[in-house]
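Structure incoming, see below.
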Amino acid sequence: MPASAVIGLQWGDEGKGKVIDCLAADADLVVRYAGGNNAGHTVYVDDQKFVLHLIPGGILHHGKKNLIGRGVVLNLEALLEEIDGLVARGVPVEERLLLDGRAHLIFPYHTKMDGLTEKWRGDGRIGTTGRGIGPAYADKVSRTGIRLSDVLDADLFRERLSAAMAEKTAVMEKVYGEKLADDADLFERTRAQVARLQDLIVDGGAYVRAAADEGQTILFEGAQGVMLDLDAGTYPYVTSSWTGIAGISGGTGFPPNRLDRALAVTKAYCTRVGEGPFPTELHCDTGQRLRDQGNEYGATTGRPRRCGWFDAVQARYSCASNGLDGIFLTNLDVLSGFESVGVGVGYRLPCGTEVTDYPGELSTLEGIEPLVKEMPGWQEDITAANSIEDLPQSCRDYVAFLEEQMGVPVISISVGPGREQMFHCPQGAEV
Ligand code: GDP
Ligand code: IMO
Ligand code: MG
């Protein structure tokens, strides 16, 4: 398919990095469209581990282009560090990477503001990654943001930066009683960073449309997950961008009607990092066991991930609201060894009513009790499975049940972090 998208179906960390890296082998162009260095996408090439934060997941493939689209918020220091790290490991990043000049920049004052607002929220904190994502998007929306290409024009950049700094200094002092650290060389430093990247800057929308016109295979790489989407997610416990399929057009300039295939990645259970509702979360030993078996610690911040059973109510909602054509099911191997595995199939609301649709209101979500269907587990190690037929029957039944609940075919199953540990399911998971 010429233009496909792969998004996260849950609260992020579903294994998008691995899936994108695998699909990139058959793509010409991989495009990130949202988020920033809050993302952490893990890719294993043989025994080598790569964690990509800003750079799209086609970067490890020879001859592929990787575009950071205009919907991404760019921390230049983090980007250069990531580039240098990959170059040091032999990846010719600058041959493969392109940046949309319309992407907004994250400055140190955004990162500082992220910390201050979290502190200000107290018990109501979101548990952000502390990377300045929310404040940078807030500036974009309030039209005080600075875009990558603005930096190329010294006068324009000086004017916009000093206006932004004056505003941040006033807000920090008056609202938070904090001083914005003196950063006299921010202007020169940023100019030097952009000078290094100058040859990679393109009009991303024009580039991606031309690639499609030429018949190139394009892969849009989601960051975060549907439940962290600014509008579709568990607001306010969300990130500040549009993480789903709807974010692609705004975040790249690629027209929505030119997307051929909408795909998503979901773990065979659920995880979440940070605060906010998580209906099927397991606070008991089983949750800790999932964390241990799945090595569930954040790829960006190292925080332990909250763990729980697969939530079919949430998954169905995410599938329906993104018009999905297929699902990559990851981390199925992590469930080996459990006597039984649970699936959230409904919620009991505080008033006692049982529902099977995802409630939009935070107050409802906070008081619900999940209705969990227990299914027989399996003991076998499945990390070497090559096809659905290699899976134990109870495991196949579990996958088929998830597929039925989501109403979208499971087109691929991942049974370990390695590139080779993923197989296609030509008929879906139907048994
Ligand atoms: P992303 O943000 O969606 O790219 O996911 P992360 O990289 O943050 O987290 C996914 C974690 O699961 C990484 O450590 C991956 O190496 C790992 N992973 C991916 N697929 C599988 C799988 O099928 N089984 C196991 N056990 N680990 C996996
Ligand atoms: P990938 O792409 C998991 C979470 C944070 C926090 C909330 C808001 O690796 O799946 P932010 O810093 O964006 O303002 O934080 O969103 N979050 C993620 N959780 N995976 C991610 O990205 C995330 N990016 C942000 O933990 O709860
Ligand atoms: Mg991640």
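Note that ligands are numbered from 1 as they come in the structure, with each ligand's atoms numbered from 1 the same way. One-based numbering along the sequence shown.
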Check: Given that the side chain starts at C-beta and the backbone is N, CA, C, O, which of these parts of Y237 lies under 4.0 Å from ligand 2, counting heavy atoms, or is it both or neither?
Finding: neither
Check: Using a heavy-atom cut-off of under 4.0 Å, does the side chain or the backbone of R272 touch ligand 2, or both, or neither?
Finding: neither
Margin query: Counting only heavy atoms closer than 4.0 Å, does ligand 1 sit against the backbone of V334, its side chain, both, or neither?
Written below: side chain
Next item on the list: Name the option, out of A299, S241, G127, that contains the heavy atom nearest to atom 6 (C) of ligand 2.
Entry: G127
Note to self: Does only the side chain of H41 get under 4.0 Å from ligand 2, or the backbone, or both, or neither? Count heavy atoms.
What the structure shows: side chain
Checklist line | Shortest protein contact, atom 9 (O) of ligand 2 (heavy atom only) | finding: G40 N, 2.9 Å
Notebook entry, point to check: At a 4.0 Å threshold, what atoms of ligand 2 neighbour a non-hydrogen atom of W11?
Noted result: 3 (C), 19 (N)
Item checked: 4.0 Å heavy-atom contact, G416 with ligand 1 -> yes
Next item on the list: State if V238 counts as touching ligand 2 under the rule of any non-hydrogen atom under 4.0 Å.
Entry: yes
Notebook entry, point to check: Which of the listed options, Q293, Q421, R305, holds the heavy atom that is closest to atom 11 (C) of ligand 1?
Noted result: R305
Margin query: Need the ligand 2 atom indices (1-based, order shown) with element for anything under 4.0 Å from a heavy-atom of A223.
Written below: 2 (O)
Check: Any idea which protein heavy atom is nearest atom 17 (N) of ligand 2, and the distance to it?
Finding: L228 CD1, 3.7 Å
Margin query: Show, in sequence, the C-alpha distance, side-chain angles and deciding distance for F278 and C270, and conclude whether the side chain to side chain contact (heavy atoms under 4.5 Å, CB included) test is met.
Written below: CA-CA 9 Å; F278 180 176; C270 276; 3.5 Å; yes
Notebook entry, point to check: So is G40 close enough to ligand 1, meaning a heavy atom under 4.0 angstrom away?
Noted result: yes
Note to self: If I only include protein atoms of type N, O or S, how many are less than 2.8 Å from the Mg ion (ligand 3)?
What the structure shows: 2
Check: At a 4.0 Å cut-off, with the gap strictly under it, does some heavy atom of R305 reach an atom of ligand 2?
Finding: no
Margin query: As a check for students: among T128, N38, L230, V273, identify the option with a heavy atom nearest to atom 14 (O) of ligand 2.
Written below: T128
Next item on the list: In plain terms, say whether K267 and E296 are close enough for a salt bridge, that is, a side-chain N and a carboxylate O under 4.0 Å apart.
Entry: yes
